[in-house]
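Residues: numbered from 1 along the sequence shown.
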Amino acid sequence: MSRQRVRRGRGLAGAALLAAVLTACGGDGYEPAGPFRPQPEGPPPQVGPPTETPQAPGPGDPADPEADEEAGDPNVVASGLTVPTGLVVLPDGSAVVGERDSGRLLQVFPDRSPARELMTLPGIDTAGDGGLLGLALSPTFAEDGLFYAYVSTATDNRVVRFPMGGTPNPVLTGIPRGETHNGGGLVFAPDGSLFVGTGDTGDPALAQDRASLGGKVLRIDVFGRPVEGAGPVYATGHADVPALCLGGEQALFATDASATGTDELDLVTEGGDAGWPTAGAESTGPVVEFPAEEGGLGGCAVAGRTVFLGSLDGRRVHSVPLDGSGALADEPSEFLTDRYGRLRTVVLDTEGALWITTSNRDGVGTPVADDDRVLRVFPPGGASDSPL
């Protein structure tokens, strides 16, 4: 299919655990090899507010999406980044964002204090649309301080974990790697299991091949093991899953490239088939589809019964209202249209504000002087308080 975007873009198996995970995948021929080596993780350093409070150039509260840009845009909490992709909100209300091409991790603040560089992940390969893609916080972050990342190496995509400033240790390796459709979605469920969104790397046959980790939504525990003794494949038939998000009743959603030249939001169920490249009898249809000029879906977040989707090619955020079953309740609306360029990651914080990254320095967008940026805005009109 055509998606009208061109994105830039295995250490020896150090643990029997990782080998067991790959064996469970049916021996699909993707052997782990690359720059990562298991290392002692050690105690995490502190990640928090700046030790000195710099002069903030604007108000600290989230801004309305239509706020005036004079004297500094109050929607922009950080600028001068290069293709910020993964983002997680910390317990203190700040966020950590990762740059896809450089592997840098930076801490950004809601009061628009200057961003703080934390570390650079090693071994990142940025050919095609690969690089540092998804980020997630450990479900026991308060105790262990661990971050999880979905990254591309020269030979595979993988999930790694690390304390801030520490060495990345492999969690799941051998996810197929290609020039396009490398996936990258990460989200932890309340039970501590980790959902991983992958891509077909431009080979549609992988999406229906259960022996391959490509074109799937995977489910593993924090050590990379399949959950409840099953294989890691949770759902099949996906072309590219750069983002995953969970609703209040654990409804799982994925952004995906579809077989019809459109992008779609999928409701993901265990054993489900999203239908790429050929819809089978048991395939599930998308919740909603967007034409190419409104697509390039790069991020999703759930608030009540509304799913917010960052759109790269559409240069907007889609607001998708759903009913209690996860089906489309009304026509989607949009905001921030054409205001900040290509919009990728969308993450909800505890105050109901959305953290959104721009992607104008990805080789496709048209950057302005302060791109790329991290935004923090309240969505217009709010969202239903009722969970999905």
Side-chain angles (χ1 to χ4, degrees), residues 4-9 50 52-89 94-121 124 126 128-129 131-133 135 242 293-294 296-299 308-317 334-347 353-380:
Q4 294 191 12
R5 60 174 157 166
V6 180
R7 294 190 249 166
R8 281 177 46 84
E52 295 182 4
T53 302
Q55 290 291 325
D61 293 332
D64 183 88
E66 303 304 323
D68 190 1
E69 294 189 13
E70 291 185 9
D73 186 342
N75 292 339
V76 177
V77 297
S79 59
L81 282 67
T82 304
V83 197
T85 300
L87 186 147
V88 290
V89 178
S94 66
V96 171
V97 61
E99 293 181 324
R100 190 190 72 189
D101 291 356
S102 71
R104 287 199 310 165
L105 293 167
L106 304 99
Q107 188 175 14
V108 297
F109 303 94
D111 66 356
R112 303 201 289 166
S113 299
R116 173 193 288 175
E117 184 171 347
L118 300 171
M119 67 177 290
T120 298
L121 289 180
I124 302 296
T126 63
D129 63 11
L132 170 54
L133 301 175
L135 283 177
E293 63 272 16
E294 299 176 10
L297 304 181
F308 297 102
L309 303 172
S311 175
L312 292 157
D313 299 331
R315 299 161 57 94
R316 70 195 71 184
V317 175
E334 62 189 58
F335 60 101
L336 299 181
T337 305
D338 288 330
R339 180 164 179 183
Y340 296 101
R342 294 163 60 79
L343 301 182
R344 185 188 293 268
T345 305
V346 180
V347 175
L354 297 174
W355 296 70
I356 303 165
T357 68
T358 73
S359 190
N360 295 315
R361 295 191 180 276
D362 59 4
V364 180
T366 303
V368 298
D370 58 347
D371 272 326
D372 274 311
R373 293 164 282 182
V374 179
L375 315 174
R376 184 174 184 255
V377 302
F378 280 127

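Between Leu375 and Leu336, the closest side-chain pair of non-hydrogen atoms falls below 4.5 Å. Counting heavy atoms from C-beta outward, Ile356 and Tyr340 have side chains that stay 4.5 Å or more apart.
A donor-acceptor pair is defined here as one N or O able to donate and one able to accept, closer than 3.5 Å; such a pair exists between the side chain of Asn360 and the backbone of Arg342. Although no hydrogens or angles enter the test, the distance criterion places no donor-acceptor pair under 3.5 Å between the side chain of Asp313 and the main chain of Glu293. Using a distance-only test at 3.5 Å, with no hydrogens or angles considered, a donor-acceptor pair links the side chain of Thr357 to the main chain of Thr345. Of the possible polar contacts, one joining the Arg361 side chain to the Val368 backbone as a donor-acceptor pair under 3.5 Å is found. When atom types are taken as modelled, the side chain of Arg376 and the backbone of Asp111 share no donor-acceptor pair closer than 3.5 angstrom.
Every residue meeting the salt bridge (charged side-chain N to carboxylate O under 4.0 Å, His left out) condition with Glu334, not counting sequence neighbours, appears here in chain and number order: Arg316. Residues that satisfy the side chain to side chain donor-acceptor pair (under 3.5 Å) test with Thr85, not counting sequence neighbours, are absent from this structure. Evaluation of the salt bridge (charged side-chain N to carboxylate O under 4.0 Å, His left out) rule for Arg104 yields Glu99, Glu117 as partners, not counting sequence neighbours.
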Q: Show your working on side chain to side chain contact (heavy atoms under 4.5 Å, CB included) between Trp355 and Val108 and close with a plain yes or no.
A: CA-CA 10 Å; Trp355 296 70; Val108 297; 3.7 Å; yes

Q: Applying side chain to side chain contact (heavy atoms under 4.5 Å, CB included), run through Arg344 and Asp372 and close with a yes or a no.
A: CA-CA 11 Å; Arg344 185 188 293 268; Asp372 274 311; over 6 Å; no

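To the nearest 0.5 Å, the span separating CG on Asp370 from CG on Asp73 amounts to 8.5 Å. Summarising the geometry, atom CD1 belonging to Ile124 is positioned 10.5 Å from atom CG belonging to Asp101; distances are rounded to the nearest 0.5 Å. Distance check: Asp338 CG to Leu343 CG gives 9.5 Å after rounding to the nearest 0.5 Å.
Taking 4.0 Å as the cut-off between side-chain N and carboxylate O, Asp371 and Arg373 count as a salt-bridged pair.
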